[in-house]
Amino acid sequence: MKYEEWSKISRIASKKSLWILHFCTGCGAIEMPPVMTSRFDMERFGMAPMATPRQADVLLITGYLTVKTLKRVIQVYEQMQDPKYVVAFGSCPINGGMYWDSYNTINQLDKYLPVDLYLAGCMPRPEGIINAMMELMEMIEKGEARGWEKYRKNYEKYKKNQEMAFKFGKVEE
Amino acid sequence: MVEMVFAVLIIAFIFTLFIKNNRVASIISLVVSLFPLAAFLDWGREFGINLISIGFENTMNINMAGITLHFSISPLAWFFGIMLFSLIPPILLYSYSFFSKNDGFYPFMILLMVSVMGILLSSDFLSFFLFWELMALGIFIMICRNGDRKAMVRYLSYSVLSGVLILAGIALLYHMNGTLLFAEIMLKADFETMVAITMLIIGFAIKAALMPLHTWVPPVYSTSDEPFVAFLSGGLSKIGYYGMLLLLFAMPGARVMEAYINSSIATYLLAIIGSLTAFFATFLAIFEDDLRKLLAYSSIAQLGYIAVGIGTGSSIAMAGALFQAFNHAFFKATLFLAAGSVAYRTGKWKISELGGVAYKMPLTFMAALFAIFALAAIPITSGFAAKWLLYEAAIERRYVFIAPIMLIAGVGAFLYSFRILYGVFLGENRYPDIKEAPKPMVAGMFLLVMPLIIFLIFPGYMLDMMDSFLSSAGLATISHSPYVIHTTLGNYNTIAVIVGMMFAMIPAFLIYVLRKQHLVDFEDNFIGGEIPSLYEHISMHAAHNFYKPLKDVVMPYLEGGATSIYSSLYKVVEKIADGARKIYDGVVQDYAIYVMLFLLIIAGWLLW
Amino acid sequence: MVTVVSGLINVLIIAIYATVAMMIGILFMGIGRKIVARVHNRVGPPIYQGFIDIAKLILKKTNITHGWIYDLALLFSITGIVLTILFLPIGGVKLLSTEGDAFLVLYLLAIPALGFALGAGASGNPNSAIGVMRALVMMLSYELPFVISMVALMIYYDTTSIAEIVASQYGKWAILIPPFAISAAVADMALQGMLMEAPFDIPIAPHEIASGPMAEFGGKHLGSLMIYKAGTIVAYTTLFVDLFLGGGVVMKGGIVADVVNFIVWFILIFLVFTLSLLINTSFPRFRIEQAFKFYWKYEAVLAIIALVWVYWMVIS
């Protein structure tokens with residue numbers, strides 16, 4: 001069954017109830033509490049923090065990602081259930097940010113995992129996060145957030161990159 | 001025809017003594033065990049229940065050296081006979097695969113059958129006592145087969161105490177009545193009769209493992225062979241309650257005492273002891289790590305409920321007690337056999353060392369699951385009806401102390417049943433290479449589960465089976481149809497529950513069927529994002545010291561328990577004896593003074 | 001023919017009541033989140049959020065399973081809770097409650113809990129096992145004061161049937177009788193534990209043990225557990241209202257009375273649920289030993305005082 005064949009209802013339900021996995025890897029995690037609590041209140045959009053990947057829809061990569069953590073992130077991502085979305089925070093997952101020449105952080109996340117949405121900034125402010133989530137919701141409704149499908153299709157390619165990263169540190173260069 | 005059943009059993013006993021092959025012995029004893037069952041099923045016609053029709057006689061008198069032993073069937077004995085003898089064939093079927101050779105299990109199982117038959121059919125105290133002691137002996141030999149010293153000593157001392165008390169009680173009754181026949185003994189509400197009855201009840205309570213007379217149970221249950229323990233816990237422990245019921249309700253003369261019993265503090269005391277037994281044994285079971293000991297404490301707790309029923313003494317309570325006895329016979333036997341099959345495949349008894357057995361032994365797990373539903377009184381098996389009757393009875397009599405204690409013990413049963421389910425059967429798959437238990441073992445367990453499901457749907461049939469006992473004991477029968485029980489307080493309609501359940505299952509079933517799913521690997525678990533396969537071994541089984549937080553709070557109050565009562569009693573006796581011993585100090589002058597004092601006292605007494 | 005038709009109508013009424021009760025439960029989850037949000041000075045999700053969440057979970061594209069024992073959680077949880085609701089009188093309409101009594105309801109409530117525990121155990125996640133352990137210890141804790149309160153009611157009204165208790169309270173709710181005011185207060189704290197609201201949200205503590213028993217549940221399995229959660233809200237609050245607040249019965253006879261009683265019942269369970277939410281938002285989480293001590297020390301003593309008082313009233 002293709003994504004397009006999904007009923008509109010299921011997409012709207014998915015959009016209105018984004019459950020976020022509390023798997024925060026880098027410094028961006030500190031921006032999440034204000035988003036959840038009274039000041040910005042993400043719950044009004046139906047978003048809620050969840051404890052385990054089985055329950056969650058959205059995986060937040062909140063900042064730099066070491067190779068060691070990458071292994072765990074991939075495990076967690078594969079434990080999530082379709083449809084699932086990845087949102088990458090800050091500049092580190094885009095191009096390495098201030099850690100671009102570090103020996104143990106990866107520079108480009110979408111070599112290893114299909115990223116649906118990048119959120120630039122170091123760090124993005126809570127308003128930015130809310131804005132990104134709204135953007136993701138629109139993408140879901142339009143059927144554009146299809147990272148999970150891409151991951152299934154190009155599984156070999158992603159796997160190869162992941163293996164390389166585990167062996168040699170990073171594969172971007 | 002009673003003679004014939006006895007003769008067949010005794011011949012089979014001698015015959016199986018000399019057979020070494022386990023399978024042959026198993027089949028012989030299985031066939032033989034059907035005889036008493038058929039006899040008891042046939043005798044149902046006496047009480048208006050025609051199950052099969054063979055036409056067995058049901059009375060027998062044996063003359064031996066001028067003494068006559070009287071045997072006949074009574075409604076109470078019939079109920080217990082059906083219960084015990086339908087328990088035996090599945091257990092023997094199970095033993096077909098469980099043992100590797102016949103080293104005394106089958107002959108003594110048959111001997112126990114003889115003794116149970118004798119106890120149930122006897123209609124005078126002499127034959128009752130003879131067969132009672134035969135049963136005690138049979139159990140002792142069975143315990144000796146495994147040769148655990150603690151179990152042997154504990155059982156022997158309790159058994160001797162029980163025998164002596166029963167004999168003394170019988171002697172007192174004989175002294176007052178001049179007869180041993182149940183039919184002719186008239187119980188009066190005077191002091192001597194009370195002493196006799198108290199002695200008999202304590203004697204029976206030892207067999208029934210009422211607290212604080214239960215300390216022989218855990219070592220015996222945890223060291224003997226499982227098929228035997230299944231029969232001991234499921235069947236033979238009920239014989240103690242048979243004795244109590246016989247004494248208090250089934251003797252013709254006991255009706256004289258009815259008013260006394262119903263108002264007496266003595267039976268209320270029995271009910272309180274029963275409920276406290278259920279309560280404390282449940283807590284002991286919750287913290288136990290040895291699977292067999294856990295089941296032993298659970299047995300003690302479940303048997304406590306029967307004492308509550310007998311102590312309450314109303315017709316609802318009596319029905320509840322008998323129903324509970326019946327259920328307990330089957331589910332506890334199933335659980336012991338399931339524990340036996342798990343140990344048969346894994347060789348482990350500790351719950352913290354087991355785990356994930358259900359994935360490879362699904363049938364054993366199914367049988368154990370149903371038994372646990374019955375144990376925890378979930379209304380998917382007949383276990384609920386029994387507990388329900390007991391609760392109703394407690395509320396009817398306004399037993400404000402007993403009712404909450406029983407209810408909370410019922411909740412405690414969930415705790416230790418989950419410990420069995422999770423610790424042994426679920427959780428980490430620690431035994432990926434084992435196989436399902438052999439077919440005869442599985443068949444035996446499923447045969448034992450059957451009655452639990454039949455009497456879930458038709459609890460009325462169970463009440464039919466006890467009607468004639470209730471009316472013979474002078475109690476009102478409970479109004480019921482096959483699937484509805486009415487009491488003065490409320491109803492229990494099993495058809496409503498089952499049909500309601502079927503309707504309620506529709507949405508769940510639709511969700512289950514319409515949305516497809518895929519099986520994932522066992523290790524594919526979220527443990528804070530960690531990957532178990534990267535390491536040598538991460539234990540994913542949280543069964544060790546499972547209820548630690550609760551244990552920390554509760555255990556200080558339970559420390560020692562009955563054992564500490566006994567050891568402090570022992571210390572007191574030792575102290576007194578030690579003091580007495582000091583008289584003999586080895587100084588001749590002192591002895592001379594003693595003699596002088598003695599003579600003086602004698603002289604003073606004479607002069608007085 | 002007439003009996004068949006009236007039987008079918010009865011079945012239909014029961015089915016409608018059960019469905020509406022489950023819908024109310026799901027609605028209450030949304031309302032509950034809204035109330036909590038308002039206490040936190042937030043906007044909160046829309047009140048129909050529960051429906052969206054369940055729809056999303058059930059419509060998830062992939063669902064994992066850890067084997068057939070794991071699936072029992074899905075089957076038992078919805079079945080058990082719907083069955084329980086069938087045996088509770090709702091707004092004076094008896095449904096099946098004349099066919100069973102309060103003890104049956106107590107044990108029926110164990111079916112979904114046991115199924116849930118089986119599923120959690122079969123998932124093999126150690127966090128789940130710890131969560132189930134906490135849930136069972138919680139159960140042992142809150143049941144003691146609750147059953148003592150219930151026994152007091154049963155002895156006073158001399159019945160175990162919830163329908164009869166509701167009928168006897170017509171005109172004078174139990175909570176207006178002094179000892180039962182104590183019982184009701186005790187039972188309300190027990191309700192806090194039953195609904196797993198703070199300070200007794202120990203079993204599902206998401207920050208300690210990754211939401212405990214639910215750690216491995218996702219997709220349709222988690223959806224069914226949310227339906228179960230919704231059902232427990234209705235079942236436990238209705239049990240409380242039936243036992244202490246006369247089941248919300250203010251009129252007798254006719255369809256108008258049924259509608260009025262239904263509305264009163266709805267308002268009452270909403271108030272009971274709101275009270276529990278307000279306690280929830282005001283307290284942090286107990287440890288499991290503290291919860292056990294709280295229920296078995298203070299709550300139990302209060303419950304026993306009420307029971308002795310009632311016993312004295314009954315025998316004199």
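Residue numbers start from 1 in every chain, and the chains themselves are labelled A, B, ... in the order their sequence lines are given, proteins ahead of strands.
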Worked verdict on B:Thr487 versus C:Thr160 for side chain to side chain contact (heavy atoms under 4.5 Å, CB included): CA-CA 10 Å; B:Thr487 68; C:Thr160 57; 5.6 Å; no
Contact leader toward chain B among [options], where contacts are heavy-atom pairs under 4.5 Å:
{"options": "C:Pro126, C:Ala102, C:Ser161, C:Gly67", "value": "C:Pro126"}
{"options": "C:Glu216, C:Met154, C:Glu143", "value": "C:Glu216"}
{"options": "C:Gly80, C:Ala129, C:Gly219", "value": "C:Ala129"}
{"options": "C:Ile148, C:Leu144, C:Leu86, C:Ile288", "value": "C:Leu144"}
{"options": "C:Val82, C:Val11, C:Thr65", "value": "C:Thr65"}
{"options": "C:Ile85, C:Asn127, C:Ile69, C:Leu108", "value": "C:Ile69"}

Heavy-atom side-chain contact between B:Tyr422 and C:Val132 under 4.5 Å: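 Result no, sub-4.5 Å side-chain heavy-atom pair not found.
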Side chain proximity check, B:Gln517 to C:Asp71, heavy atoms < 4.5 angstrom: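 Sidechains of C:Asp71 and B:Gln517: in contact.
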Residue part contacting chain C, namely of [X], when any heavy atom lies under 4.5 Å:
{"X": "B:Met366", "value": "side chain"}
{"X": "B:Tyr416", "value": "neither"}
{"X": "B:Leu369", "value": "side chain"}
{"X": "B:Ala376", "value": "backbone"}

Enclosure of B:His544 NE2 (heavy-atom neighbours >12, cutoff 6.0 Å):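 Open: at most 12 neighbouring heavy atoms sit under 6.0 Å from NE2 of B:His544.
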Heavy atoms of other groups near C:Met313 CE, more than 12 under 6.0 Å: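 Yes, the 6.0 Å shell around CE holds more than 12 heavy atoms from other groups.
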Provide the closest heavy-atom pair for [X] versus [Y] in the form atom of the first, atom of the second, distance.
{"X": "C:His66", "Y": "B:Leu519", "result": "C-CD1, 3.8 Å"}
{"X": "C:Asp101", "Y": "B:Glu392", "result": "OD2-OE2, 2.6 Å"}
{"X": "C:Leu83", "Y": "B:Gly500", "result": "CD1-C, 3.4 Å"}
{"X": "C:Asn125", "Y": "B:Phe526", "result": "ND2-O, 2.9 Å"}
{"X": "C:Met133", "Y": "B:Tyr547", "result": "CG-CD2, 3.5 Å"}
{"X": "C:Ala110", "Y": "B:Ile378", "result": "CB-CD1, 3.7 Å"}

Look at [options] and state which one has the largest set of heavy-atom pairs under 4.5 Å with chain C.
{"options": "B:Ile506, B:Val484, B:Leu426", "result": "B:Leu426"}
{"options": "B:Asn491, B:Ile495, B:Val499", "result": "B:Asn491"}
{"options": "B:Phe503, B:Phe425, B:Tyr359", "result": "B:Tyr359"}

I need the [X] [atom1] to [Y] [atom2] distance, nearest 0.5 Å.
{"X": "C:Leu72", "Y": "B:Tyr512", "atom1": "CG", "atom2": "OH", "result": "8.5 Å"}
{"X": "C:Thr79", "Y": "B:Ile380", "atom1": "OG1", "atom2": "CD1", "result": "9.0 Å"}
{"X": "B:Phe414", "Y": "C:Leu140", "atom1": "CZ", "atom2": "CG", "result": "10.5 Å"}
{"X": "C:Asp158", "Y": "B:Arg398", "atom1": "CG", "atom2": "CZ", "result": "5.0 Å"}
{"X": "C:Ile130", "Y": "B:Lys548", "atom1": "CD1", "atom2": "NZ", "result": "12.5 Å"}
{"X": "C:Ile111", "Y": "B:Phe373", "atom1": "CD1", "atom2": "CZ", "result": "8.0 Å"}

Side chain to side chain contact (heavy atoms under 4.5 Å, CB included) between B:Ile511 and C:Ile227, worked out: CA-CA 11 Å; B:Ile511 294 174; C:Ile227 296 176; 4.1 Å; yes
Non-neighbouring partners of B:Val553 that pass side-chain contact (heavy atoms from CB on, under 4.5 Å), sequence neighbours left out: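 By the side-chain contact (heavy atoms from CB on, under 4.5 Å) rule, B:Val553 matches C:Glu289, C:Phe292, C:Lys293.
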Aromatic ring pairing B:Tyr391/C:Phe103, orientation class (parallel under 30°, perpendicular over 60°, tilted between):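 Rings of B:Tyr391 and C:Phe103: tilted, 30 to 60°.
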Test side chain to side chain contact (heavy atoms under 4.5 Å, CB included) applied to B:Phe384 and C:Leu104, step by step: CA-CA 8 Å; B:Phe384 176 71; C:Leu104 182 69; 3.3 Å; yes
Working for side chain to side chain contact (heavy atoms under 4.5 Å, CB included), residues C:Ile64 and B:His518: CA-CA 5 Å; C:Ile64 60 119; B:His518 65 274; 3.6 Å; yes
Per-residue contact mode, C:Phe146 against chain B (heavy atom under 4.5 angstrom):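 Neither part.
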Heavy-atom contact with chain B under 4.5 Å, split by part of C:Tyr157: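 Contact with chain B is absent: no heavy atom of C:Tyr157 under 4.5 Å.
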Residue-level contacts of residues 115-124 of chain C with chain B, using a heavy-atom cutoff under 4.5 Å: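 The stretch touches chain B at C:Ala117, C:Leu118, C:Gly121, C:Ala122, C:Ser123, C:Gly124.
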